[in-house]
Protein chains: 4
Amino acid sequence: MTGPPTTTQARTRAERLRQELREEIVTAAFEEFSQRGYHDTGIADIAQRLGIGHGTFYRHFKNKRDILDHVVDGLLARILEALAAENAPDAVDTLDEYVEQCRRISGALSEIFSADPRVARMLLLEATSIDAELTERVLGLFDTATALTAAYFMHGRELGYLRADLDVDGTARAVVGVILANLLQGLRTPADREAQRRTADAGLRLMFDGIARR
Amino acid sequence: MTGPPTTTQARTRAERLRQELREEIVTAAFEEFSQRGYHDTGIADIAQRLGIGHGTFYRHFKNKRDILDHVVDGLLARILEALAAENAPDAVDTLDEYVEQCRRISGALSEIFSADPRVARMLLLEATSIDAELTERVLGLFDTATALTAAYFMHGRELGYLRADLDVDGTARAVVGVILANLLQGLRTPADREAQRRTADAGLRLMFDGIARR
Amino acid sequence: MTGPPTTTQARTRAERLRQELREEIVTAAFEEFSQRGYHDTGIADIAQRLGIGHGTFYRHFKNKRDILDHVVDGLLARILEALAAENAPDAVDTLDEYVEQCRRISGALSEIFSADPRVARMLLLEATSIDAELTERVLGLFDTATALTAAYFMHGRELGYLRADLDVDGTARAVVGVILANLLQGLRTPADREAQRRTADAGLRLMFDGIARR
Amino acid sequence: MTGPPTTTQARTRAERLRQELREEIVTAAFEEFSQRGYHDTGIADIAQRLGIGHGTFYRHFKNKRDILDHVVDGLLARILEALAAENAPDAVDTLDEYVEQCRRISGALSEIFSADPRVARMLLLEATSIDAELTERVLGLFDTATALTAAYFMHGRELGYLRADLDVDGTARAVVGVILANLLQGLRTPADREAQRRTADAGLRLMFDGIARR
DNA sequence: CATGAATGAGGTTTCATTCAT
DNA sequence: GATGAATGAAACCTCATTCAT
């Protein structure tokens, strides 16, 4: 027994190795794309980074565009997972719980974006300039985040701990903008984790207190 | 009355035609770049759109990268102008005046971004994927906006109409995120001006009221 | 009266100015061609050197190739003149006179080639790589020199002051090679006039004494 | 018996094919360059001559200039080999031996230049008009020849079979000029081997007898 | 007549993709 | 299945030449 079977269990050893190589290629492509940019990266660069022939690449991915999809898919999946994890909108019933929830989500996103600035670079800068389809997919992430946020707001408004006149959709979009600000901050000063934390905190206080003196 | 002479007045007729063509090329390049993307646009595409020979392009711009700089410069200039116009931080002395100020800036930005969704597309999606220098220039715009916002916050905190414990820098960054949300909204649903207005309004209310019930 | 009329007398003032400009263009082209090379020189470079529009060039010369012909013609004419000047083969009747004649010709050529290393550069290096016709014309100069030399040899052999078994044609070609040696020397060390003089002297002694001890 | 392995023996079959193609490209480039001229030859011409795609060219040579270097290098190597082979200056101790030596070198050069007039055309006409570096390399060949000749003269002067007052360097340069004359002769009348032989012989007699009657 | 803006043929080079080994 | 040699479309850019002003 070598442990429990993973969901993407590969039966044969060959199958397993193949799967591993695929993932290594995706990783290598991510590294090259996020560093040199999609257009300045050649298939040969990716292959060379792995020490494989560049023809081998085409045994695993249809073409250059294909690998990009896989890179982006992986990143999107990680983010969606962080957004969704144990974060059902109706699991929160008070303002304090919601604040706590926001902190948790904020922390999870920080975990991803601050830990590796290349993620934001890849998604925001590179992936949005290839073609409409991919741009759509990345921007769709913001829609998803907006929808999730809106669901929380709706829930909170119904339970009464959020403003009754809250424009659920519009505010959700604005709040997602604050998340974006954090990503940009990570792009600009990758090393300054403190600035990123302060921006996140300021965003939370903005949400719950506004800026005006009371 | 033909109006006051423009600042870039050209004396001779040839000079004027030359200047006009330069500007037409910049416009055509903007249109192509924002639509097909920088990498998928050839110099020939730009020239064809104007009905000029592609060699003519090179009489006016050094190379493909050069025209991109001019396109971006023009857009950045328009935005900076909108941000800076009659908007000195210390011209505002009460919360109401500041809210009004914010509305005005928000409106001016809407004027630019909502009127032409290609501006945001060009700056956010295309210009950020060419090289580090240009990315820097575009992202620098956010720094400028952040600095301006921070100046307002500082002023408001001193005059007492903003929270005394306001994290000026962090909050400024978060608020610029709200502007970003508006840009994104314009990218996603260019035709839906109402959605854009609601996002902008929600952003303002977020700033001044937060979301929690009082 | 402003002096005696030149052979290429121009009647009108306009005609004269035109002629002067033509010559200036030829000179400028020579300077550019011999320095940057024919292919690396643009019509615009030549025009710029004179401070005229490059369209003007085409009012005076058919095309780029045309001006090259004129440059080369001018140089060839100067050289042929030096070779031919008061140097009729039958004006020499003794070995001493012939030696003297050779010295004079050698000196005249030095005057041209050593005074301006660009002449040799232009003729030997540039003009021989454009097309067959021009190469032919430059190499034809050597035929002319050979023919002239052969005439001297023939005359000397008949009058008895040269070897009776002299291979007139072959030797003439070899002797022209000695002249070539001088040109090369000028190309290699343009500043070292002394080396050029020694090469020339050595060539003469080679002709009249050979190298073997007597 | 398939003969001894060449020095550039390639182990694997792929290695060998690659090497062969490289050499074929060099040969094809030589043919095109010497015939149409460097500037009038496109990479496509070279590729077409071999029936390969023009992209293939760039798998083997960095750029157009690179292949020219290789072409010239090959020619220079052949000539230097001919000059140096079994031709040590101090292996000659009498005038007769030296004459014999000169005949041998002259013959070896004829072998190269008369056998293929394109060699002289390539080196003298084409290669000298590309840039300073390459011109330098070709003209350097004459320096080498001059130095070798000078070494012979020095040796002969010391041993007494050459004139005691011989200007070793100047004369060496003049003699190399005679070789040049032979090359030119080959360029002018490639088919007339007899004329080339006569020029060479005349050159030798010039060296050892001069032209004057004794 | 001088000018220089416009032109486009032509050339070099890159690189994603294919396919024989 | 891996490899990398071969391919050629496609892009950028230059510059000799024309011609309207």
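Note that the structure is a prediction, hence the values are computed from the model and not measured. Every chain is numbered from 1, with letters handed out A, B, ... down the list of sequences.
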Note every stem involving DNA chain F: at least three consecutive Watson-Crick or G-U wobble pairs, i with j then i+1 with j-1, with both distances under 3.5 Å.
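Detected stem regions: E:2-21 with F:2-21.
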
Measure from [atom1] on [X] to [atom2] on [N] and round the result to the nearest Å.
X: B:Leu17; N: E:dT3; atom1: CG; atom2: C1'; value: 15 Å
X: B:Phe61; N: F:dC12; atom1: CZ; atom2: P; value: 15 Å
X: B:Glu20; N: E:dA5; atom1: CD; atom2: P; value: 15 Å
X: B:Glu24; N: E:dA5; atom1: CD; atom2: P; value: 16 Å
X: D:Phe33; N: E:dG11; atom1: CZ; atom2: P; value: 13 Å
X: B:Asp66; N: F:dC12; atom1: CG; atom2: C1'; value: 14 Å
X: D:Arg22; N: F:dA6; atom1: CZ; atom2: P; value: 12 Å

Nucleotides 15-21 of chain E: protein proximity per nucleotide (B base, S sugar-phosphate only, - neither; heavy atom, under 4.0 Å):
-SBB---

Under 4.0 Å between a side-chain nitrogen and a carboxylate oxygen: does that hold for B:Glu133 and B:Arg65?
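Looking at B:Glu133 and B:Arg65, the cut-off is met.
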
Would you call A:Glu31-A:Arg49 a salt bridge at under 4.0 Å N-O?
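Counted as a salt bridge, because a side-chain N and a carboxylate O are separated by less than 4.0 Å.
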
Would you kindly check if the NZ (Lys) or CZ (Arg) of A:Arg118 is within the cone defined by 45 degrees around the ring axis of A:Phe33 and under 6.0 Å from the six-membered ring centre?
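Geometry flag: not set, cation outside 6.0 Å or 45°.
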
Both conditions, 6.0 Å and 45 degrees, for the charged tip of C:Lys64 above the ring of C:Tyr38: are they met here?
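Yes, cation above the ring, under 6.0 Å and within 45°.
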
When you look at CD of D:Gln48, are more than 12 heavy atoms from neighbouring residues, nucleotides or ligands closer to it than 6.0 Å?
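Atom CD in D:Gln48 is not packed in, count stays at 12 or less.
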
Within the structure provided, determine whether [X] and [Y] are in side-chain contact (heavy-atom separation under 4.5 Å).
X: B:Leu75; Y: B:Val72; result: no
X: C:His39; Y: D:Ile130; result: no
X: C:Ile25; Y: C:Ile52; result: yes
X: A:Leu123; Y: A:Leu76; result: yes

Hey, does D:Leu21 reach any base, or is it just sugar-phosphate, or nothing, if we go heavy atoms under 4.0 Å?
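D:Leu21: backbone/sugar contact only, no base atoms under 4.0 Å.
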
Tell me what C:Ile52 touches on the nucleic acid: a base, only sugar-phosphate, or nothing, going by heavy atoms under 4.0 Å.
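Sugar-phosphate contact only.
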
Would you say a side-chain N or O of D:His60 is under 4.0 Å from OP1 or OP2 of F:dA5?
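For F:dA5, OP1/OP2 do not have a side-chain N/O of D:His60 under 4.0 Å.
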
